[in-house]
*Asks:* 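Submitted below is the structure of interest, expressed as C-alpha coordinates.
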Amino acid sequence: MSLATKIGSLTLRNPMILASGVLGTSYSTLKRAYEAGLGAVVTKSIGINPSSGNTNPSIFALNEIRSVISSIGLANPGFQVFREDLEKLLESSVPTIVSIFGESMEEFKEVLNGLTDLPIQAFELNFSCSSSKKDRAQISTDPDLVFEIVKELRTNTTVPLWVKLTPNVSNIVEIASSAVRGGCDALVAVDTLKAMVIDIQTKQPILGNKRGGLSGAALKPVGIRSVYDLYEHFDEEIPIIGVGGIYRGEDIIEYLLAGATAVEIGTSLGVAYPENMVRFFQMKVKKYMEEHKFSSISEITGGAHK
Ligand SMILES: Cc1cc2nc3c(=O)[nH]c(=O)nc-3n(C[C@H](O)[C@H](O)[C@H](O)COP(=O)(O)O)c2cc1C
(Lines give C-alpha, C1' and ligand atoms only; values in the text may rest on other atoms or scores of the structure.)
Protein backbone atom coordinates (compact mmCIF):
# COMPACT_ATOMS: atom_id res chain seq x y z
CA MET A 1 0.00 0.00 0.00
CA SER A 2 1.32 3.45 -0.87
CA LEU A 3 0.28 6.91 0.27
CA ALA A 4 2.18 8.56 -2.61
CA THR A 5 0.20 10.75 -4.97
CA LYS A 6 0.76 12.49 -8.28
CA ILE A 7 -0.28 16.06 -9.08
CA GLY A 8 0.55 16.31 -12.76
CA SER A 9 4.28 15.70 -13.06
CA LEU A 10 4.87 16.13 -9.32
CA THR A 11 4.97 13.08 -7.03
CA LEU A 12 4.48 13.60 -3.29
CA ARG A 13 5.18 11.03 -0.56
CA ASN A 14 1.60 11.47 0.68
CA PRO A 15 -1.43 13.67 -0.21
CA MET A 16 -1.22 16.00 2.82
CA ILE A 17 0.05 19.51 2.08
CA LEU A 18 0.33 22.45 4.46
CA ALA A 19 -2.16 25.13 3.25
CA SER A 20 -0.97 28.68 2.60
CA GLY A 21 -0.92 31.14 5.46
CA VAL A 22 -1.37 29.47 8.81
CA LEU A 23 2.34 28.77 9.41
CA GLY A 24 3.79 31.75 7.56
CA THR A 25 6.88 32.06 5.39
CA SER A 26 9.81 31.25 7.68
CA TYR A 27 12.27 28.47 6.93
CA SER A 28 12.20 26.88 10.40
CA THR A 29 8.40 26.69 10.72
CA LEU A 30 7.82 25.34 7.22
CA LYS A 31 10.65 22.80 7.57
CA ARG A 32 9.20 21.60 10.87
CA ALA A 33 5.77 21.16 9.25
CA TYR A 34 7.30 19.02 6.50
CA GLU A 35 9.32 16.98 8.99
CA ALA A 36 6.08 16.28 10.87
CA GLY A 37 5.27 14.04 7.91
CA LEU A 38 3.41 16.16 5.37
CA GLY A 39 3.87 15.58 1.63
CA ALA A 40 4.73 19.24 0.86
CA VAL A 41 4.25 22.78 2.14
CA VAL A 42 2.67 25.90 0.62
CA THR A 43 4.15 29.20 1.80
CA LYS A 44 2.07 32.14 2.95
CA SER A 45 1.27 34.29 -0.09
CA ILE A 46 4.18 36.44 -1.22
CA GLY A 47 3.87 39.78 -3.01
CA ILE A 48 6.19 42.48 -4.30
CA ASN A 49 6.58 44.59 -1.18
CA PRO A 50 6.76 43.82 2.54
CA SER A 51 3.36 44.31 4.18
CA SER A 52 2.22 44.11 7.79
CA GLY A 53 -1.35 43.17 6.82
CA ASN A 54 -4.63 44.32 8.36
CA THR A 55 -5.45 46.05 11.66
CA ASN A 56 -5.85 43.93 14.80
CA PRO A 57 -7.76 42.03 15.94
CA SER A 58 -7.22 40.00 12.79
CA ILE A 59 -8.15 36.53 13.98
CA PHE A 60 -11.05 35.27 16.11
CA ALA A 61 -11.69 31.68 17.18
CA LEU A 62 -15.21 30.28 16.81
CA ASN A 63 -14.57 27.37 19.15
CA GLU A 64 -18.16 26.13 19.17
CA ILE A 65 -17.86 25.27 15.47
CA ARG A 66 -14.09 24.45 15.40
CA SER A 67 -13.54 27.32 13.00
CA VAL A 68 -11.75 30.62 12.74
CA ILE A 69 -12.57 33.96 11.17
CA SER A 70 -9.50 35.88 10.08
CA SER A 71 -8.45 38.98 8.19
CA ILE A 72 -4.67 38.72 8.40
CA GLY A 73 -4.54 40.31 4.95
CA LEU A 74 -1.55 39.52 2.85
CA ALA A 75 1.08 40.17 5.53
CA ASN A 76 4.42 39.04 4.07
CA PRO A 77 8.10 40.04 3.85
CA GLY A 78 8.09 40.69 0.06
CA PHE A 79 9.62 38.25 -2.41
CA GLN A 80 13.19 39.54 -2.23
CA VAL A 81 13.53 39.00 1.53
CA PHE A 82 11.55 35.74 1.36
CA ARG A 83 13.98 34.32 -1.24
CA GLU A 84 16.55 33.59 1.48
CA ASP A 85 14.16 31.37 3.48
CA LEU A 86 13.00 29.72 0.28
CA GLU A 87 16.55 28.85 -0.79
CA LYS A 88 17.20 27.24 2.62
CA LEU A 89 13.97 25.23 2.38
CA LEU A 90 14.91 23.94 -1.05
CA GLU A 91 18.46 23.09 0.10
CA SER A 92 16.83 20.99 2.86
CA SER A 93 14.82 19.13 0.16
CA VAL A 94 11.44 20.34 1.43
CA PRO A 95 8.94 20.11 -1.48
CA THR A 96 7.77 23.71 -1.58
CA ILE A 97 4.89 25.37 -3.38
CA VAL A 98 5.17 29.15 -3.39
CA SER A 99 1.90 31.05 -3.10
CA ILE A 100 2.07 34.41 -4.87
CA PHE A 101 -0.31 37.35 -5.16
CA GLY A 102 -0.49 40.67 -6.93
CA GLU A 103 -2.95 43.44 -7.72
CA SER A 104 -2.26 43.27 -11.44
CA MET A 105 -0.67 41.16 -14.14
CA GLU A 106 2.55 43.22 -13.82
CA GLU A 107 2.81 42.54 -10.07
CA PHE A 108 2.20 38.80 -10.53
CA LYS A 109 4.87 38.71 -13.24
CA GLU A 110 7.43 40.54 -11.13
CA VAL A 111 7.07 38.14 -8.20
CA LEU A 112 7.01 35.06 -10.42
CA ASN A 113 10.02 36.18 -12.45
CA GLY A 114 11.91 36.91 -9.24
CA LEU A 115 11.55 33.32 -8.01
CA THR A 116 11.11 31.11 -11.08
CA ASP A 117 14.83 30.27 -11.35
CA LEU A 118 14.61 28.29 -8.10
CA PRO A 119 13.75 24.54 -8.13
CA ILE A 120 10.33 24.98 -6.51
CA GLN A 121 7.60 22.39 -7.02
CA ALA A 122 4.84 24.80 -8.11
CA PHE A 123 3.52 28.33 -7.87
CA GLU A 124 0.07 28.62 -6.29
CA LEU A 125 -1.71 31.71 -7.62
CA ASN A 126 -3.71 33.51 -4.96
CA PHE A 127 -6.26 35.63 -6.81
CA SER A 128 -8.08 36.83 -3.68
CA CYS A 129 -6.35 40.20 -3.93
CA SER A 130 -8.29 43.17 -5.31
CA SER A 131 -7.52 44.14 -8.86
CA SER A 132 -5.99 47.61 -9.25
CA LYS A 133 -7.47 47.71 -12.76
CA LYS A 134 -11.11 46.72 -12.41
CA ASP A 135 -12.55 48.97 -9.66
CA ARG A 136 -10.78 46.83 -7.07
CA ALA A 137 -13.09 43.85 -7.59
CA GLN A 138 -11.36 40.61 -6.59
CA ILE A 139 -9.43 38.94 -9.41
CA SER A 140 -10.67 35.56 -8.14
CA THR A 141 -14.28 36.29 -9.12
CA ASP A 142 -13.52 37.58 -12.64
CA PRO A 143 -13.22 34.81 -15.27
CA ASP A 144 -11.60 37.11 -17.88
CA LEU A 145 -8.90 38.41 -15.53
CA VAL A 146 -8.16 34.88 -14.30
CA PHE A 147 -7.75 33.68 -17.88
CA GLU A 148 -5.51 36.60 -18.91
CA ILE A 149 -3.21 36.35 -15.90
CA VAL A 150 -2.80 32.55 -16.03
CA LYS A 151 -2.16 32.66 -19.79
CA GLU A 152 0.50 35.34 -19.46
CA LEU A 153 2.23 33.72 -16.46
CA ARG A 154 2.25 30.40 -18.33
CA THR A 155 4.55 31.96 -20.94
CA ASN A 156 6.90 33.23 -18.20
CA THR A 157 7.68 29.98 -16.40
CA THR A 158 8.02 26.24 -16.80
CA VAL A 159 7.23 25.72 -13.09
CA PRO A 160 3.75 24.14 -12.62
CA LEU A 161 1.00 26.70 -11.92
CA TRP A 162 -1.74 25.87 -9.42
CA VAL A 163 -4.76 28.16 -9.24
CA LYS A 164 -6.45 28.63 -5.87
CA LEU A 165 -10.20 29.14 -6.23
CA THR A 166 -12.49 31.22 -4.07
CA PRO A 167 -15.77 29.74 -2.84
CA ASN A 168 -17.29 33.25 -3.02
CA VAL A 169 -18.78 32.77 -6.49
CA SER A 170 -22.03 31.27 -7.71
CA ASN A 171 -20.29 28.98 -10.23
CA ILE A 172 -16.83 27.77 -9.30
CA VAL A 173 -16.59 25.69 -12.50
CA GLU A 174 -16.76 28.87 -14.62
CA ILE A 175 -13.70 30.43 -12.93
CA ALA A 176 -11.88 27.08 -12.95
CA SER A 177 -12.53 26.71 -16.69
CA SER A 178 -10.86 30.10 -17.29
CA ALA A 179 -7.83 28.96 -15.30
CA VAL A 180 -7.64 25.67 -17.21
CA ARG A 181 -7.97 27.45 -20.57
CA GLY A 182 -5.16 29.77 -19.47
CA GLY A 183 -2.93 26.73 -18.99
CA CYS A 184 -2.78 25.98 -15.25
CA ASP A 185 -1.61 22.56 -14.02
CA ALA A 186 -3.86 22.04 -10.98
CA LEU A 187 -6.89 23.55 -9.24
CA VAL A 188 -6.92 24.22 -5.49
CA ALA A 189 -10.36 24.50 -3.86
CA VAL A 190 -11.13 26.40 -1.67
CA ASP A 191 -9.92 29.64 -0.14
CA THR A 192 -11.81 31.10 2.86
CA LEU A 193 -15.49 32.05 2.72
CA LYS A 194 -16.42 35.73 3.32
CA ALA A 195 -17.72 36.09 6.86
CA MET A 196 -18.23 38.42 9.85
CA VAL A 197 -18.58 38.21 13.62
CA ILE A 198 -20.21 40.91 15.79
CA ASP A 199 -19.67 41.59 19.49
CA ILE A 200 -23.20 41.99 20.90
CA GLN A 201 -21.96 44.17 23.80
CA THR A 202 -20.06 46.76 21.75
CA LYS A 203 -22.51 46.12 18.87
CA GLN A 204 -19.57 46.30 16.44
CA PRO A 205 -17.82 43.82 14.15
CA ILE A 206 -14.97 42.20 16.10
CA LEU A 207 -12.28 42.14 13.44
CA GLY A 208 -10.31 45.33 12.81
CA ASN A 209 -11.07 44.87 9.14
CA LYS A 210 -14.77 44.15 9.98
CA ARG A 211 -15.04 41.40 7.32
CA GLY A 212 -12.90 38.30 7.33
CA GLY A 213 -12.63 34.81 5.92
CA LEU A 214 -14.10 31.68 7.50
CA SER A 215 -11.87 28.61 7.72
CA GLY A 216 -11.95 25.40 9.73
CA ALA A 217 -14.63 22.74 10.21
CA ALA A 218 -17.55 24.95 9.11
CA LEU A 219 -15.92 25.35 5.68
CA LYS A 220 -15.58 21.64 4.96
CA PRO A 221 -18.96 20.95 3.29
CA VAL A 222 -18.36 23.95 1.00
CA GLY A 223 -14.91 22.58 0.06
CA ILE A 224 -16.28 19.10 -0.53
CA ARG A 225 -19.07 20.40 -2.77
CA SER A 226 -16.60 22.55 -4.72
CA VAL A 227 -14.23 19.63 -5.33
CA TYR A 228 -17.19 17.41 -6.29
CA ASP A 229 -18.43 20.01 -8.83
CA LEU A 230 -14.94 20.42 -10.31
CA TYR A 231 -14.32 16.68 -10.64
CA GLU A 232 -17.76 16.16 -12.16
CA HIS A 233 -16.91 18.76 -14.81
CA PHE A 234 -13.21 18.08 -15.48
CA ASP A 235 -12.97 14.38 -14.53
CA GLU A 236 -9.26 13.52 -14.86
CA GLU A 237 -8.43 16.43 -17.19
CA ILE A 238 -6.78 18.35 -14.34
CA PRO A 239 -5.68 17.43 -10.79
CA ILE A 240 -7.79 18.92 -7.98
CA ILE A 241 -6.44 19.70 -4.51
CA GLY A 242 -9.10 19.92 -1.78
CA VAL A 243 -8.86 22.47 1.06
CA GLY A 244 -11.12 23.48 3.91
CA GLY A 245 -11.89 22.17 7.37
CA ILE A 246 -9.66 19.11 7.55
CA TYR A 247 -9.36 18.08 11.20
CA ARG A 248 -9.36 14.29 10.88
CA GLY A 249 -8.16 11.54 8.57
CA GLU A 250 -11.81 10.94 7.64
CA ASP A 251 -11.98 14.47 6.21
CA ILE A 252 -9.03 13.71 3.92
CA ILE A 253 -10.76 10.57 2.63
CA GLU A 254 -13.95 12.54 2.01
CA TYR A 255 -12.02 15.04 -0.17
CA LEU A 256 -10.37 12.18 -2.10
CA LEU A 257 -13.76 10.54 -2.73
CA ALA A 258 -15.14 13.90 -3.96
CA GLY A 259 -12.36 13.99 -6.57
CA ALA A 260 -9.17 15.34 -4.99
CA THR A 261 -5.73 13.83 -5.61
CA ALA A 262 -4.28 15.70 -2.62
CA VAL A 263 -5.45 18.00 0.16
CA GLU A 264 -4.19 21.12 1.88
CA ILE A 265 -4.60 21.52 5.63
CA GLY A 266 -4.61 24.94 7.31
CA THR A 267 -6.45 25.96 10.47
CA SER A 268 -6.18 22.61 12.27
CA LEU A 269 -2.37 22.61 11.89
CA GLY A 270 -2.23 26.19 13.13
CA VAL A 271 -3.79 25.28 16.48
CA ALA A 272 -2.19 21.88 17.21
CA TYR A 273 1.30 20.37 17.13
CA PRO A 274 1.70 19.27 13.52
CA GLU A 275 3.66 16.20 14.63
CA ASN A 276 0.66 14.71 16.47
CA MET A 277 -1.93 15.73 13.92
CA VAL A 278 -0.09 14.41 10.89
CA ARG A 279 0.61 11.04 12.54
CA PHE A 280 -3.12 10.61 13.26
CA PHE A 281 -4.04 11.65 9.71
CA GLN A 282 -1.66 9.05 8.26
CA MET A 283 -2.86 6.27 10.57
CA LYS A 284 -6.50 6.90 9.72
CA VAL A 285 -5.98 7.04 5.95
CA LYS A 286 -3.91 3.81 6.03
CA LYS A 287 -6.53 2.04 8.14
CA TYR A 288 -9.27 3.09 5.72
CA MET A 289 -7.22 1.87 2.76
CA GLU A 290 -6.70 -1.49 4.45
CA GLU A 291 -10.38 -1.87 5.33
CA HIS A 292 -11.54 -0.93 1.84
CA LYS A 293 -8.75 -2.77 0.03
CA PHE A 294 -7.25 0.27 -1.68
CA SER A 295 -3.58 0.04 -2.55
CA SER A 296 -3.10 3.61 -3.83
CA ILE A 297 -4.52 7.11 -3.35
CA SER A 298 -5.52 7.31 -7.02
CA GLU A 299 -7.91 4.38 -6.49
CA ILE A 300 -9.85 6.46 -3.92
CA THR A 301 -9.96 9.68 -6.00
CA GLY A 302 -13.42 10.37 -7.43
CA GLY A 303 -14.99 7.32 -5.74
CA ALA A 304 -18.13 9.28 -4.85
CA HIS A 305 -18.89 9.73 -8.56
CA LYS A 306 -18.97 6.03 -9.45
C1 LIG B 1 -4.63 32.74 9.41
C2 LIG B 1 -4.84 32.35 7.97
C3 LIG B 1 -4.03 32.91 6.99
C4 LIG B 1 -4.19 32.54 5.63
N5 LIG B 1 -3.38 33.09 4.69
C6 LIG B 1 -3.51 32.71 3.39
C7 LIG B 1 -2.63 33.21 2.39
O8 LIG B 1 -1.70 33.98 2.64
N9 LIG B 1 -2.84 32.80 1.11
C10 LIG B 1 -3.84 31.92 0.75
O11 LIG B 1 -3.96 31.57 -0.43
N12 LIG B 1 -4.67 31.41 1.69
C13 LIG B 1 -4.53 31.79 2.99
N14 LIG B 1 -5.37 31.25 3.93
C15 LIG B 1 -6.42 30.29 3.53
C16 LIG B 1 -5.97 28.84 3.72
O17 LIG B 1 -4.83 28.53 2.92
C18 LIG B 1 -7.09 27.85 3.39
O19 LIG B 1 -7.49 27.98 2.04
C20 LIG B 1 -8.32 28.06 4.27
O21 LIG B 1 -7.95 28.43 5.58
C22 LIG B 1 -9.20 26.81 4.33
O23 LIG B 1 -8.50 25.71 4.86
P24 LIG B 1 -8.58 25.29 6.43
O25 LIG B 1 -10.02 25.22 6.80
O26 LIG B 1 -7.87 23.97 6.51
O27 LIG B 1 -7.87 26.36 7.18
C28 LIG B 1 -5.21 31.60 5.28
C29 LIG B 1 -6.03 31.06 6.29
C30 LIG B 1 -5.86 31.43 7.61
C31 LIG B 1 -6.76 30.82 8.66
Side-chain angles (χ1 to χ4, degrees), residues 15-26 29-30 33 38 40-47 50-54 56-62 65-79 82 97-102 108 111 122-129 138-140 161-168 172 186-195 197 207-209 212-227 240-249 251-252 254-255 260 262-272 274 277-278 281:
M16 297 179 286
I17 305 171
L18 173 71
S20 177
V22 282
L23 294 179
T25 54
S26 85
T29 323
L30 294 173
L38 294 167
V41 299
V42 184
T43 69
K44 178 147 182 72
S45 298
I46 305 292
S51 159
S52 53
N54 289 326
N56 286 327
S58 60
I59 191 152
F60 186 81
L62 302 163
I65 50 168
R66 281 194 303 159
S67 299
V68 155
I69 174 166
S70 64
S71 63
I72 307 283
L74 292 162
N76 81 101
F79 74 93
F82 166 68
I97 292 97
V98 179
S99 171
I100 62 171
F101 74 92
F108 266 103
V111 181
F123 282 110
E124 185 174 281
L125 308 180
N126 174 359
F127 287 140
S128 294
C129 199
Q138 282 203 328
I139 298 171
S140 57
L161 294 177
W162 296 3
V163 170
K164 182 141 181 208
L165 299 165
T166 178
N168 300 312
I172 198 165
L187 299 167
V188 182
V190 287
D191 204 336
T192 56
L193 194 58
K194 277 188 194 173
V197 59
L207 296 178
N209 195 44
L214 179 70
S215 63
L219 184 63
K220 196 187 79 178
V222 178
I224 296 287
R225 190 270 301 156
S226 303
V227 170
I240 302 161
I241 297 153
V243 201
I246 293 175
Y247 275 78
R248 309 165 308 153
D251 303 328
I252 298 175
E254 203 178 332
Y255 270 107
V263 294
E264 292 182 7
I265 308 165
T267 304
S268 66
L269 290 179
V271 295
M277 291 287 282
V278 174
F281 289 152

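Both ligands and their constituent atoms are indexed starting at 1 by order of listing. Positions are given from 1, in the same order as the sequence printed here.
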*Asks:* Looking only at protein heavy atoms, identify the closest one to atom 31 (C) of ligand 1 and say how far it is in Å.
*Replies:*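 The answer is S215 OG, 3.4 Å.
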
*Asks:* I need the nearest protein heavy-atom contact for atom 9 (N) of ligand 1: residue, atom name and distance, please.
*Replies:*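 Looking at atom 9 (N) of ligand 1, the protein heavy atom closest to it is S45 OG, 2.7 Å.
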
*Asks:* Within the structure provided, determine whether P77 and T25 are in side-chain contact (heavy-atom separation under 4.5 Å).
*Replies:*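 A side-chain contact under 4.5 Å exists here.
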
*Asks:* So which protein heavy atom does atom 26 (O) of ligand 1 come closest to, and at what separation?
*Replies:*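 Looking at atom 26 (O) of ligand 1, the protein heavy atom closest to it is G266 N, 2.9 Å.
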
*Asks:* Can you check whether I224 reaches Y255 side chain to side chain, under 4.5 Å on heavy atoms?
*Replies:*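 Result yes, sub-4.5 Å side-chain heavy-atom pair found.
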
*Asks:* Could you say whether the N/O atoms of S268 and ligand 1 ever approach to under 3.5 Å?
*Replies:*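 No, since none of the N or O atoms of S268 sits under 3.5 Å from an N or O of ligand 1.
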
*Asks:* L219 heavy atoms, cut-off 4.0 Å: which ligand 1 atoms fall inside?
*Replies:*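 Near L219, meaning under 4.0 Å from one of its heavy atoms, ligand 1 has 22 (C).
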
*Asks:* Which atoms of ligand 1 sit under 4.0 Å from any heavy atom of K164?
*Replies:*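 Answer, ordered by atom number: 10 (C), 11 (O), 12 (N), 15 (C), 16 (C), 17 (O), 18 (C), 19 (O).
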
*Asks:* Checking a contact table here: which protein heavy atom is nearest atom 5 (N) of ligand 1, and how many Å away?
*Replies:*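 I find the closest protein heavy atom is K44 NZ, 3.0 Å.
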
*Asks:* Using a 4.0 Å cutoff against the non-hydrogen atoms of G245, which atoms of ligand 1 qualify?
*Replies:*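 Numbered from 1, ligand 1 contributes 24 (P), 25 (O), 26 (O).
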
*Asks:* Which ligand 1 atoms does T267 reach within 4.0 Å, using its non-hydrogen atoms?
*Replies:*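 Those qualifying, in numeric order: 24 (P), 25 (O), 26 (O), 27 (O), 31 (C).
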
*Asks:* Checking the N or O distance criterion of under 3.5 Å, is ligand 1 in contact with E124?
*Replies:*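 Between E124 and ligand 1 (N or O atoms, distance only) the closest approach is not under 3.5 Å.
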
*Asks:* Measuring from L74:CG to I46:CD1, what's the distance to the nearest 0.5 Å?
*Replies:*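 Going from the CG atom of L74 to the CD1 atom of I46 covers 10.0 Å.
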
*Asks:* Can an N or O of A19 be found at a distance shorter than 3.5 Å from an N or O of ligand 1?
*Replies:*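 Not met; the criterion fails.
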
*Asks:* Is S268 reaching over with its side chain to a backbone N or O of I246, donor-acceptor style, under 3.5 angstrom?
*Replies:*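 Yes; at least one donor-acceptor contact below 3.5 Å.
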
*Asks:* Are V278 and L269 side-chain neighbours, meaning at least one heavy-atom pair lies under 4.5 Å?
*Replies:*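 The answer is yes; the side chains approach within 4.5 Å.
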
*Asks:* Would the F127 and F108 ring centres measure less than 6.0 Å apart?
*Replies:*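 Between F108 and F127, which both carry aromatic rings, the centre distance is below 6.0 Å.
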
*Asks:* Out of the candidates S215, S70, S67, only one should pair with T267 under the side-chain contact (heavy atoms from CB on, under 4.5 Å) rule; please name it.
*Replies:*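 Among S215, S70, S67, the one that satisfies the side-chain contact (heavy atoms from CB on, under 4.5 Å) with T267 is S215.
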
*Asks:* Hey, does F82 have a side-chain heavy atom less than 4.5 Å from the side chain of N76?
*Replies:*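 Of all side-chain heavy-atom pairs linking F82 with N76, none is under 4.5 Å.
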
*Asks:* Suppose we measure from atom 16 (C) of ligand 1 to each protein heavy atom; which comes out shortest, and what is that distance?
*Replies:*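 So the nearest neighbour among protein heavy atoms is S20 O, 3.4 Å.
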
*Asks:* Can a donor-acceptor pair be found, under 3.5 Å and without considering hydrogens, that links the side chain of N126 to the backbone of S99?
*Replies:*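 Side chain of N126 to backbone of S99: no pair is present.
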
*Asks:* Does S45 reach the main-chain N or O of I100 with its side chain, forming a donor-acceptor pair under 3.5 Å?
*Replies:*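 Here the side-chain-to-backbone pair does not exist.
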
*Asks:* Hey, which atoms in ligand 1 end up nearer than 4.0 Å to a heavy atom of D191?
*Replies:*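 The list of qualifying atoms is 12 (N), 15 (C), 19 (O).
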
*Asks:* Is it true that a side-chain atom of N168 and a backbone atom of K194 form a donor plus acceptor pair closer than 3.5 Å?
*Replies:*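 Yes, because the side chain of N168 sits within donor-acceptor range (under 3.5 Å) of the backbone of K194.
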
*Asks:* Of the choices T43, V263, V22, V222, which has the non-hydrogen atom that lies closest to atom 2 (C) of ligand 1?
*Replies:*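 That would be V22.
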
*Asks:* Okay, side chain of E264, backbone of I17: is any donor-acceptor separation there less than 3.5 Å?
*Replies:*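 Not at all, since once roles are kept as given, no pair shorter than 3.5 Å links the two residues.
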
*Asks:* Evaluating non-hydrogen atoms only, which member of L269, I72, D251, V243 is closest to atom 1 (C) of ligand 1?
*Replies:*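 Ranked by closest heavy atom to atom 1 (C) of ligand 1, first place is I72.
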
*Asks:* Can you list the ligand 1 atoms lying under 4.0 Å from a non-hydrogen atom of G21?
*Replies:*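 Those of ligand 1 that fall under 4.0 Å from G21 are 3 (C), 4 (C), 5 (N), 6 (C).
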
*Asks:* Looking at atom 20 (C) of ligand 1, what's its closest protein heavy atom, distance included?
*Replies:*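 Minimum-distance protein heavy atom for atom 20 (C) of ligand 1 reads T192 CG2, 3.8 Å.
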
*Asks:* Give yes or no for whether the N/O distance cutoff of 3.5 Å, strictly under, is met between V68 and ligand 1.
*Replies:*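 The answer is no, given that V68 and ligand 1 share no N or O pair closer than 3.5 Å.
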
*Asks:* Can you tell me if V190 has a non-hydrogen atom under 4.0 Å from ligand 1?
*Replies:*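 Contact check V190 vs ligand 1: positive.
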
